[in-house]
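Here's the structure, in structure tokens; my notes come after.
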Amino acid sequence: MLWKDKYELGVPLIDEQHKELFRRVEVFIQTVRSSAAWDEKIGKVNETLEFMKVYVVEHFNAEEGYQRSIEYPGYDMHKKIHDGMVSYVLSVSEEYEKSGCDEKLMLQFAGKLLAWLINHVAADDQNIASYAKEKGVDGNER
Ligand SMILES: [Fe+2]
Ligand SMILES: [Fe+2]
């Protein structure tokens, strides 16, 4: 399991979404890297990709809402990072469709997605929790 409890922000909804993202990305990595033939795993890969496109947006919206509720000063910057990730996911997905489900593209994407998720959750998202703590606004009382 790649998730670590130290990634928790103390906001139950956000923490649950982060855990779900880690779970899904982990399965995604395992699937694309498994020795099974590409044709055999393409269904699962496509399913995860479709899930990610929706869930990432849902999570970012929830997290941005939380940031606004505590008047997080890094909101604009953070939103830009989220927006950049959404466009990246959408552009890869488009390229993937155009390429007729290219395996190499998904292998690359899975690796990037995992690295991004870990970096973002462990650093950028943690900054939100540090601010909330500093300001004395607990994740549960909003
Ligand atoms: Fe997040
Ligand atoms: Fe975030």
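The basis for the numbers below is simple: all heavy atoms, side chains too, and nothing from hydrogens, waters or symmetry mates. In listed order, ligands and their atoms are each counted from 1.
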Which atom pairs, one a donor and one an acceptor, fall under 3.5 Å between side chains of residues 3-10 and the rest of the protein, sequence neighbours left out?
from : atom 1 : to  : atom 2 : distance (Å)
W3   : NE1    : D5  : OD1    : 3.3
E8   : OE2    : K19 : NZ     : 3.4

Protein N/O/S atoms under 2.8 Å of the Fe ion (ligand 2)?
-> E63 OE1, H78 NE2, H82 NE2, H120 NE2, D125 OD1
Please state whether the rings of F109 and Y88 are parallel, tilted or perpendicular, taking 30° and 60° as the class boundaries.
-> tilted
Check ion pair E20-R23 (N to O, under 4.0 angstrom) |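 Result for this pair is yes, salt bridge flagged.
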All side chain to side chain contact (heavy atoms under 4.5 Å, CB included) counterparts of V25, not counting sequence neighbours =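 Once residues adjacent in sequence are excluded, the partners of V25 under the side chain to side chain contact (heavy atoms under 4.5 Å, CB included) criterion are I29, M52, L113, L114, L117.
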Can you get from I128 to Y75 by hopping between Ile, Leu, Val, Met, Phe, Trp and Tyr side chains that sit under 4.5 Å apart?
-> no
Which salt bridge (Lys or Arg N to Asp or Glu O under 4.0 Å) pairs, counting each pair once, include a residue from residues 43-62, with sequence neighbours left out?
-> E50-K53
